[in-house]
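Everything quoted here is computed from the prediction, not taken from an experiment.
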Amino acid sequence: IKITAANMAQYADKLTESHKALLTAYDSFYMNIYPTRRTWGAPEWYYEATKKTAANAELVAGGNGIETGGPIGGIAFPLPKDGLEVIWNHIIRWKGYGHKERQASIISVSRGGELNVTKNIDRVFFKWDHPEYTEKELNNIIWYFKQETLSPPRMAGRVLLVHETLNQAAEARKAWLYSPGQRRVRRAPEYGFDNPYEGSDGLMTIDQNDLFTGSPERYHWKLLGKREMYIPYNAYRANSLNVSNKEFFTPLHPNPKYLRYELHRVWVVDANLKEESRHLYKRRTFYVDEDSNAIAACDLYDNRDKLWRVDENHNFMYYDIPFSWTGWEVHYDLQLGRYVGNWGDNEKTRYPDYTTALDEGVFDPGTLRRSGKR
């Protein structure tokens, strides 16, 4: 099936509001729909961990954290009762064994198709996904993230370190930044919510990373139910080394011939900004894949309740591990006619390493200055 602006009414009940908007705004955009392939999977221990974790998991601090009473790993809420449980399933979903290292880029695309590329080396340690940990041994940290910037030259040597917490009310996310220009490490308490995401040219916020990350405290969350929707899935061509960044990132939107959509069941969750809170987005609608628990797409509304931005997660399976992980996130600004790709790199010079163990000491703030190359 090829869905275009001309025939989208025929498929409207299975299209997100964002995809309808993209089809309407850009004559060159279309969606190739492929047969559904439920490829997501995890090791057997992960399913066993789900049985133990789900039996004890509960939301705490008004939904701003989770407690399990000991066991961790697996899906905390396999039968979610509300929107917050769905979002927490996304935050702690299976991302492979604890350690990852890969080259990744952030590429912002001008309306005319000019690419602005920032290249990074990302290192991640997912403690929640580690079968040898208990909740006590987490020390309230579910993952560490360390990003070293390689280019452009004006940013080279910058190092970001993030410690993400399980109970955000007890202890909020902690972040540090090494600046090569100043040659010093400073705390980055502003690293979250709607602050601009580095390298995105202001086209996405920090909590749009992974389509949603960080504390959910600023929104009311409502589960709208489960629906069958067309979402990005099994995006091998979009992440192929045979497709250059210039071929993929065309003006206004990625080249549709490299995008793959499938019909999958998703949890639909509405997030409405709390009256006393501040954020760029007044409302967000998330479409969360039932199998992987990853947010596949998101509609983002401004303070006039007008659809403003569009998010997509073009993920795919690593069968040898196995796990599903983001290739390219794509974040569109419908008002500017611009967009940004995050996390992928079709021209990477080093391959992802998902097997080498990274010591927790790598993510100690005291190592940041030594990590900087300038």
Side-chain angles (χ1 to χ4, degrees), residues 12-21 40 50 54 57-66 74-95 142 164 166 168 192-194 204-233 261-275 277 279-303 305-315 324 326 329-332:
D13 62 326
K14 293 180 173 59
L15 291 171
T16 69
E17 293 304 310
S18 290
H19 288 129
K20 293 175 187 176
W40 183 84
T50 293
E58 61 179 359
L59 295 175
V60 296
N64 208 23
I66 298 177
I75 305 166
F77 308 106
L79 298 173
K81 301 182 294 296
D82 57 46
L84 266 173
E85 290 187 348
V86 174
I87 291 301
W88 272 106
N89 281 345
H90 160 78
I91 292 171
I92 61 172
R93 72 190 187 280
W94 169 241
K95 305 181 186 76
I142 51 177
E164 187 75 320
L166 182 63
Q168 295 265 343
F193 301 109
D194 59 352
M204 60 179 286
T205 62
I206 289 172
D207 65 4
Q208 277 177 269
N209 184 30
D210 202 24
L211 273 63
F212 184 83
T213 186
S215 169
E217 67 183 16
R218 295 192 181 183
Y219 288 92
H220 296 293
W221 299 85
K222 183 178 180 181
L223 179 58
L224 301 183
K226 191 186 294 183
R227 295 174 58 187
E228 288 191 338
M229 307 288 290
Y230 294 125
I231 58 173
Y233 224 90
Y261 297 89
E262 298 180 8
L263 186 65
H264 284 263
R265 288 193 298 268
V266 297
W267 297 103
V268 183
V269 177
D270 242 7
N272 286 275
L273 190 63
K274 293 179 178 178
E275 294 74 12
S277 296
H279 201 287
L280 282 178
Y281 307 126
K282 182 179 178 182
R283 180 163 68 91
R284 304 157 90 155
T285 301
F286 297 92
Y287 304 89
V288 186
D289 175 36
E290 178 190 39
D291 291 341
S292 67
N293 289 294
I295 299 172
C298 182
D299 313 325
L300 301 111
Y301 296 82
D302 62 20
N303 58 15
D305 293 311
K306 183 178 180 180
L307 185 63
W308 176 14
R309 289 176 171 172
V310 173
D311 293 346
E312 291 184 308
N313 174 5
H314 295 271
N315 65 359
S324 175
T326 301
E329 291 175 5
V330 182
H331 305 268
Y332 307 80

Keeping Lys274 on the side-chain end and Glu217 on the backbone end, is there a donor-acceptor pair under 3.5 Å? yes

Among Asp299, Asn313, Asp311, Thr16, which one satisfies side-chain hydrogen bond (donor to acceptor under 3.5 Å, both in side chains) with Tyr287? Asp299

Between Ala21 and Leu307, which heavy-atom pair has the shortest distance, and what is it? CB-CD2, 3.5 Å

Taking side-chain contact (heavy atoms from CB on, under 4.5 Å) as the test, write out the residues that go with Arg227, two or more places apart. Met229, Val268

Is it true that a side-chain atom of Trp221 and a backbone atom of Pro216 form a donor plus acceptor pair closer than 3.5 Å? yes

If every non-hydrogen atom of Ala54 is compared with every non-hydrogen atom of Pro78, which pair is closest and at what distance? CB-CD, 3.4 Å

Can you tell me if His90 uses its side chain to pair, donor with acceptor, with the backbone of Phe212 under 3.5 Å? yes

In short, Lys14 meets Leu263 closest at the heavy-atom pair CD-CD1, 3.6 Å

Looking only at heavy atoms, the pair that brings Gly83 and Val269 closest together is CA-CG1, 3.9 Å

Going by heavy atoms in the side chains, are Asp270 and Tyr219 under 4.5 Å from each other? no

Asp289 side chain vs Ala296 backbone, donor-acceptor pair below 3.5 Å: no

Of all the heavy-atom pairs spanning Glu85 and Pro80, show the shortest one and how long it is. OE1-CA, 3.3 Å

Using a 4.5 Å cut-off on heavy atoms from C-beta on, say whether the side chain of Arg93 contacts that of Trp40. no

If I take atom CG from residue Asp13 and atom CD from residue Glu228, how far apart are they, to the nearest 0.5 angstrom? 9.5 Å

Contact summary for Ser18 and Cys298, nearest pair of heavy atoms: OG-O, 3.3 Å

Could you grab the distance from atom CE of Met204 to atom CG of Asn209, nearest 0.5 Å is fine? 5.0 Å

Interatomic distance, CH2@Trp267 vs CG@Leu224, rounded to 0.5 Å, equals 11.5 Å

In terms of ring plane angle, is the pair His264 and Tyr233 parallel, tilted or perpendicular, where the classes change at 30° and 60°? parallel

Using a 3.5 Å distance criterion without hydrogens, assess whether the side chain of Trp88 forms a donor-acceptor pair with backbone atoms of Gly63. yes

Does a side-chain heavy-atom distance below 4.5 Å link Phe77 with Leu84? no

Verify ring-ring contact (aromatic ring centres under 6.0 Å, His included) between His19 and Tyr261, making sure each step is shown before the conclusion. CA-CA 11 Å; His19 288 129; Tyr261 297 89; 5.3 Å; yes

Are any of the side-chain nitrogens in Asp207 or Arg284 under 4.0 Å away from the carboxylate oxygens of its partner? yes

Regarding Arg218 and the six-membered ring of Phe193, is the cationic atom NZ or CZ under 6.0 Å from the ring centre and inside 45° of its axis? yes

Once you round to the nearest 0.5 Å, how far does CG of Asn293 lie from CD1 of Ile87? 10.0 Å

Quick check: are there more than 12 heavy atoms from other residues, nucleotides or ligands sitting under 6.0 Å from NZ of Lys222? no

Give, for atom CG of Leu273 and atom CG of Asn303, the distance between the pair rounded to the nearest 0.5 Å. 10.0 Å

Could you tell me if the side chain of Asn89 sits less than 4.5 Å from the side chain of Val288, heavy atoms only? no

Does any donor atom in the side chain of Asp210 or Thr213 lie under 3.5 Å from an acceptor atom in the other side chain? no

Can you tell me how far CD1 of Ile91 sits from CD1 of Ile66, rounded to the nearest 0.5 angstrom? 7.5 Å

Taking the side chain as every heavy atom from C-beta outward, state whether Trp308 and Leu300 have any pair of such atoms under 4.5 Å apart. no

Is there a side-chain contact between Tyr301 and Thr285 (heavy atoms, below 4.5 Å)? yes

State, with a plain yes or no, whether a side-chain heavy atom of Arg309 is found less than 4.5 Å away from one of His331. no

